[in-house]
There are 2 protein chains.
Amino acid sequence: MSLKHTLLGFLNMWPLSGYDLTKMFGATVRFYWSATHTQIYRTLKQMLQEGLVEQELVRQTDYPNKKLYHITDRGREELLAWLAEPADIPPVRHRLLVKMSLGEELDTETIIRLLEDYRKKLQQRLDLYDKRNKQITQEYARSERERFLWDAVLDNGISVYETELEWIDRTLRGLQRFIGRAREEK
Amino acid sequence: MSLKHTLLGFLNMWPLSGYDLTKMFGATVRFYWSATHTQIYRTLKQMLQEGLVEQELVRQTDYPNKKLYHITDRGREELLAWLAEPADIPPVRHRLLVKMSLGEELDTETIIRLLEDYRKKLQQRLDLYDKRNKQITQEYARSERERFLWDAVLDNGISVYETELEWIDRTLRGLQRFIGRAREEK
DNA sequence: CTGCCCATGTAAATGGTTACATGATTGA
DNA sequence: TCAATCATGTAACCATTTACATGGGCAG
């Protein structure tokens, strides 16, 4: 599992609470990994049992108390070992492509609607990436090399989504010639 | 879940066994959805209970008996309703990007190794896509439009992986200037 | 006689989503 | 007074992976 290692990676910079980590997954981290608070709390609990992190209870008066997690030496070891291992291509689970490949069951108009809807979502995603882009990577990076790496990560997302946008447009253009024709003769 | 609907999609063409479906997921279907035989058998069982498919036992002498699954009217209904629903952008779970974003913990040389390994895997994946490309889509498509849709699905995969290849090369070039430098001063 | 193809499955663990649940403080 | 933010979590379910398990036929 990578969620464990992603969490270790962040705890390796500063101690953080489950809530802090959840917020990070809502903001920047989701560019390469997604997780909900449920999952984060559960994973932190496991990691505590495995001795990868330690818990510090922080009492607060104006806000609810919180639990800060600190990475341990075991945790750092685990993190470094995992980081150096090669990574596989992520498994593909692309609902739109499933629908396209079964598209003989749909009108051309419906297929176009699916593509246009997906196009809108891609556009929204790209807007999100662009906005954060310059700010976060420039401000918080601890070195020139880290800034470069963070930019590269964003670059990956942007390039892939832009490629999909172009693919959508290409596919929409190609579909034009099927408009109006009935749902193919059997 | 889309596995259910993917299976319905194929059973909508011809009756198939769990084994047949597993083979398809090992060959073409994995271009947009991945699944193991464990999952396929279990999902078929559920679908049977939900009345989306029916089972036909086929006795064979030279080979083990098999169970052919036929789609029902309920199944066809479910499939069509699902197909017309808009699809979301798949959640991102990209291990290489996690590693890159935590890359401050690694030597530049190790990061380069990770990228080069990923590059090789991308190349292999692309070879796979290209080989099947012309054959399958041309031979089995039941209409010009279906052929177009299948090509579009492959086109999506190829474009995205080629984009990642270019991204890798760009990133490798950019990393050159960090080679040799120690793992940044704290 | 070794290993692959046919064909089915179960068990156990891990991973992920959705809904439920609480309760104080702060700002519009 | 309404909604959002802070901060924690549980319960139930759904999805996925890995390993275990069986056993005949066929080709090299």
Side-chain angles (χ1 to χ4, degrees), chain A residues 1-8 15-27 29-30 32-50 52-53 55-69 78 82 87-95 98, chain B residues 1-8 15-27 29-30 32-50 52-53 55-69 82 88-95 98:
Chain A
M1 166 175 52
S2 285
L3 176 55
K4 187 161 84 175
H5 300 103
T6 311
L7 297 177
L8 280 177
L16 292 160
S17 68
Y19 187 80
D20 296 331
L21 287 162
T22 304
K23 266 193 308 177
M24 297 176 78
F25 274 80
V29 184
R30 70 151 147 207
Y32 46 87
W33 202 269
S34 57
T36 57
H37 79 281
T38 311
Q39 229 182 314
I40 290 169
Y41 284 117
R42 206 188 30 217
T43 305
L44 283 171
K45 204 197 247 178
Q46 275 171 224
M47 289 161 70
L48 196 61
Q49 280 171 357
E50 295 173 47
L52 304 174
V53 294
Q55 216 182 45
E56 175 198 1
L57 186 71
V58 177
R59 287 177 205 286
Q60 298 182 115
T61 49
D62 287 9
Y63 297 98
N65 295 338
K66 63 177 171 183
K67 294 170 186 169
L68 279 188
Y69 290 88
E78 168 87 23
W82 178 81
D88 286 338
I89 299 180
V92 188
R93 292 224 167 70
H94 204 313
R95 284 176 156 74
V98 177
Chain B
M1 162 168 64
S2 286
L3 175 56
K4 188 161 84 176
H5 300 105
T6 311
L7 296 177
L8 281 176
L16 293 161
S17 69
Y19 187 81
D20 296 331
L21 287 162
T22 304
K23 266 193 308 179
M24 297 176 78
F25 274 80
V29 184
R30 70 150 147 209
Y32 47 87
W33 202 269
S34 59
T36 57
H37 78 282
T38 311
Q39 228 181 315
I40 290 168
Y41 283 118
R42 177 144 43 68
T43 304
L44 283 171
K45 203 197 248 176
Q46 272 170 228
M47 288 161 70
L48 195 61
Q49 280 171 357
E50 295 173 47
L52 304 174
V53 293
Q55 215 181 46
E56 175 198 2
L57 185 71
V58 178
R59 289 177 203 287
Q60 299 183 116
T61 49
D62 287 10
Y63 299 98
N65 295 338
K66 63 178 170 182
K67 294 170 185 169
L68 279 187
Y69 290 88
W82 178 80
D88 284 338
I89 298 180
V92 188
R93 292 225 168 71
H94 203 313
R95 282 176 157 75
V98 177

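Within every chain, numbering begins at 1; the chains are lettered A, B, ... in the order of the sequence lines, protein sequences first and strands thereafter.
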Exercise: identify the closest heavy-atom pair between [X] and [Y]:
| X | Y | value |
| --- | --- | --- |
| Leu57(B) | Lys67(B) | CD1-CG, 4.0 Å |
| Val53(B) | Leu44(B) | CG2-O, 4.2 Å |
| Arg59(B) | Asn65(B) | CA-OD1, 3.2 Å |
| Arg93(A) | Pro90(B) | O-CB, 3.5 Å |
| Lys4(B) | Leu52(B) | CD-CD1, 4.0 Å |

Task: Listed partners of Phe25(B) passing side chain to side chain contact (heavy atoms under 4.5 Å, CB included), at least two apart - done: Leu3(B), Thr6(B), Leu7(B), Val29(B), Trp33(B), Ala35(B), Ile40(B)
Could you tell me the separation between the [atom1] atom of [X] and the [atom2] atom of [N], rounded to a whole number of Å?
| X | N | atom1 | atom2 | value |
| --- | --- | --- | --- | --- |
| Asn65(B) | dT8(C) | CG | P | 9 Å |
| Tyr41(A) | dT18(C) | OH | P | 18 Å |
| Leu16(B) | dA7(C) | CG | C1' | 14 Å |
| Tyr69(A) | dA7(D) | OH | P | 14 Å |
| Gln60(B) | dC26(D) | CD | P | 13 Å |
| Leu21(A) | dT8(D) | CG | C1' | 14 Å |
| Lys66(B) | dA7(C) | NZ | P | 5 Å |
| Lys4(A) | dG15(C) | NZ | C1' | 12 Å |

- [ ] Please work out if Lys45(A) contacts a base, only the sugar-phosphate, or nothing of the nucleic acid, heavy-atom cut-off 4.0 Å.
- [x] sugar-phosphate
Open item on the list: Under the rule for side-chain hydrogen bond (donor to acceptor under 3.5 Å, both in side chains), what residues qualify as partners of Arg42(A), not counting sequence neighbours?
Closed with: none
TODO: Output all residues satisfying side-chain hydrogen bond (donor to acceptor under 3.5 Å, both in side chains) with Ser17(A), sequence neighbours left out; order by chain, then residue number.
DONE: Asp20(A)
Any protein N or O atoms within reach of nucleotides 22-25 of chain D? Criterion: under 3.5 Å, listing atom names and distances.
none

Open item on the list: For Gly18(B), is there any backbone N or O sitting under 3.5 Å from a side-chain donor or acceptor partner on Thr22(B)?
Closed with: yes
Task: Terminal axes of the helix from dC1(C)-dG28(D) to dA28(C)-dT1(D) (five pairs each): angle between them, nearest 10 degrees - done: 40°
TODO: Tell me whether the OP1 or OP2 atom of dT8(D) has a side-chain N or O from Tyr19(A) closer than 4.0 Å.
DONE: no
Task: Tyr41(B) side, atom OH; Thr36(B) side, atom OG1 - distance, nearest 0.5 Å - done: 11.0 Å
TODO: Mind checking the CD-NZ spacing from Glu50(A) to Lys45(A)? Nearest 0.5 Å is all I need.
DONE: 13.5 Å
Open item on the list: Within the 4.0 Å limit for protein heavy atoms, which parts of nucleotides 11-20 of chain D are touched? Write it as a string from 5' to 3', B for base, S for sugar-phosphate only, - for none.
Closed with: B---SBBBB-
